[in-house]
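First comes the structure, then the notes that go with it.
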Protein chains: 2
Amino acid sequence: MGQLWDMRPLARKLGAFVALTDDELTVLDGLHKRRRTFVAGRELVHQGQSDRSAYVMISGWACSYKLLPDGQRQIVDFQIPGDFLGLRSILLHMSDHTIEPVTDIEVTEIHVSDLLDAFASAPRLATAVLWAASRDEAMVVEHLVDVGRRDAAQRMAHFLLELGSRLTLAGMGSRDGFACPLTQYLLADALGLSSVHVNRVLRQLREAGMVTFRDGQVTFQDHDRLAEFAEFDPTYLDQVGPLLT
Amino acid sequence: MGQLWDMRPLARKLGAFVALTDDELTVLDGLHKRRRTFVAGRELVHQGQSDRSAYVMISGWACSYKLLPDGQRQIVDFQIPGDFLGLRSILLHMSDHTIEPVTDIEVTEIHVSDLLDAFASAPRLATAVLWAASRDEAMVVEHLVDVGRRDAAQRMAHFLLELGSRLTLAGMGSRDGFACPLTQYLLADALGLSSVHVNRVLRQLREAGMVTFRDGQVTFQDHDRLAEFAEFDPTYLDQVGPLLT
DNA sequence: CGCTGATTTGAAGAGAGTCAATCGAGGTGG
DNA sequence: CCACCTCGATTGACTCTCTTCAAATCAGCG
């Protein structure tokens, strides 16, 4: 299950897009500089700071967000095991957002220069990373649709279903639900709502018998009805298998 | 100005990220299968359809959007000359959105297979495309912040300023304004507002003496005050010059 | 000249925010 | 062992932004 990521998270992630050769796997293994841990709440990459390292999540949850001058924030995405942290930041040589662990997290570090060298010596790796980045962008796009065109209840439902699907792919969830360390404040900042309204909406969904969010556990009581209510179409998450053999 | 794009739009776009060699330029030129035109309103890539070609815009405006089952839509981004059309669609072998020309447009076509072959023979091109894709993602993220955490007036102001900056980089605008073929309906679907409210907000901004939107022309009457009002920080659009030499 | 599409404006209603108070669990120090 | 504190969850009352519905205006155009 989730343990698989522990070994070679990058190989696992990119292998979904490109059938990697032994040589390419060797190059990938050379990328992992060291394993690091960060404690919950202490920000990792700061908005505006330029940085030389990206990370791959091994365990725990993190979130990336943008801070507005007036103190509000918009959470762009949550990262779970197997996801990149700060990839865009190092590519653009400028962090346009902040990354903060939600729980204590474990990551492996990757230096930009090593990554670019790897692209040069194993070109198909660049293609694989491009694919992974495209899938991340597809999730941001779906998030934009959530916030722009769905009301609070649909938005919440859709968001929880997406998280459930992603966690299931990572072996950390199922159609029945998943363990979820997020607070209602975090949900509010992700969905563009107030925490008060998040609470009300969660109650609605609970009383409608569709999904329960309690004690760090999301339980899909009626997955099908919830998916219908949220108009959830997981196509954009589909893992079709290696596209380049 | 805008004419430069006409010649080798892809070379111009990628050259901003990677200093291209003659060999790489040759490979790039081999990518342009043919030049095509599409008329305004007739969709180009349909949601759910899998496709083999992406495009690079030469002239005109297009938009990419997602349709919801209830008929609402969320416009994800507008494309202007020099932008990719449908790059993510072909990479993921599945279009998760629809692309439609806003005006008549002119594009050059690129086949996926050719693109992947090009990556193999000129690896640094893959890195360049990854960079371009990352910048596109940064714009979607900023759009998400717009819709999630800014009120209607700030949202509109921020959006017009971003468009202005992008068009200026493409030689099609300035601090004074730009020609804009968008309707208020399109703005509404992009900003997650109703077209009625878009109209009201435009009036507010006009009466405040900050920006005018009329007869296909956006005029920044007071660019500085508008930028301050919108808390506009164009960092995420910055073109730092070749990152890989 | 009448059509259609885009813009404009008014009035009423709904969804979500704000303010404020309560409650419960976990942690900490006396 | 208990008072105290903090953080997150919960709920009520009120306010306000934005939507919806409706209608009028205007321009281009067959």
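Chain A is the first sequence line, chain B the second, and so forth, proteins listed ahead of strands; every chain is numbered from 1.
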### Message
For B:Ala152 and A:Thr183, find the nucleotide of DNA chain D closest to each by heavy atoms; which residue's nucleotide sits nearer the 5' end?
### Response
A:Thr183

### Query
Rounded to whole angstrom units, what separation is found between the CG atom of B:Leu187 and the C1' atom of C:dT7?
12 Å

### Message
Over 60° means perpendicular and under 30° means parallel, so tell me whether B:Trp61 and B:Phe178 are parallel, tilted or perpendicular.
### Response
parallel

#### Entry: Between D:dC18 (P) and B:Leu191 (CG): distance, integer Å
12 Å

### Message
Rounded to whole Å, please give me the gap between NE2 in A:His197 and C1' in D:dT17.
### Response
13 Å

### Task
Remember a base hit wins even if backbone is also touched, and classify A:Gly192 as base, sugar-phosphate or nothing at under 4.0 Å, heavy atoms.
sugar-phosphate

### Query
Over how many whole Å does the gap from A:Arg200 atom CZ to D:dA9 atom C1' extend?
12 Å

### Query
Within less than 4.0 Å of OP1 or OP2 of C:dT8, is there a side-chain N or O belonging to B:Arg203?
no

### Query
Does a salt bridge link A:Asp146 with A:Arg155, judged by any charged N lying under 4.0 Å from a carboxylate O?
no

### Query
Taking side chain as C-beta onward, heavy atoms only, is B:Tyr55 less than 4.5 Å from B:Leu87?
no

### Query
In terms of side-chain heavy atoms of A:Val196, which of D:dA9, D:dC18, C:dC19 is nearest?
C:dC19

### Query
Stepwise, does the side-chain contact (heavy atoms from CB on, under 4.5 Å) test hold for A:Glu142 with A:His158?
CA-CA 10 Å; A:Glu142 194 62 35; A:His158 195 276; 3.3 Å; yes

### Query
Hey, what do you get for CG (B:Leu226) to CD (B:Glu228), rounding to the nearest 0.5 Å?
10.5 Å

### Query
Can you check whether B:Asn199 has a side-chain N or O nearer than 4.0 Å to OP1 or OP2 of C:dT8?
yes

### Summary
Note: for A:Ala153 and B:Tyr185 on DNA chain C, the residue whose nearest nucleotide lies more 5' is B:Tyr185

### Query
Does B:Gln184 put a side-chain nitrogen or oxygen below 4.0 Å from OP1 or OP2 of C:dT8?
yes

### Query
Quick one: A:Asp151 CG to D:dT17 C1', roughly how many Å, whole number?
16 Å

### Task
To the nearest Å, give me how far apart CZ (A:Arg149) and P (C:dA16) are.
13 Å

### Query
Has B:Arg206 got a side-chain N or O lying under 4.0 Å from the OP1 or OP2 atom of C:dT7?
no

### Query
Under 4.0 Å between a Lys/Arg side-chain N and an Asp/Glu carboxylate O for A:Arg135 and A:Asp83?
no

## Note on the structure
Students should find that the end-to-end axis angle of the helix from C:dC1-D:dG30 to C:dG30-D:dC1, with five pairs defining each axis and rounding to 10 degrees, is 30°

### Message
Taking B:Arg149 first and then A:Asp189, would you say they form a salt bridge - that is, a charged N and a carboxylate O separated by under 4.0 Å?
### Response
yes

### Query
Heavy atoms under 4.0 Å, any strand shown: does A:Arg155 hit a base, just sugar-phosphate, or nothing?
nothing

### Message
Does A:Leu193 reach a base, just sugar-phosphate, or nothing at all? Heavy atoms under 4.0 Å.
### Response
sugar-phosphate

### Integer-rounded Å distance: D:dA27 P and B:Asp215 CG
10 Å

### Query
Ion pair present between A:Arg88 and B:Glu137, side-chain N to carboxylate O less than 4.0 angstrom?
yes

### Query
What is the distance from CZ of A:Arg150 to C1' of C:dG15, rounded to the nearest Å?
17 Å

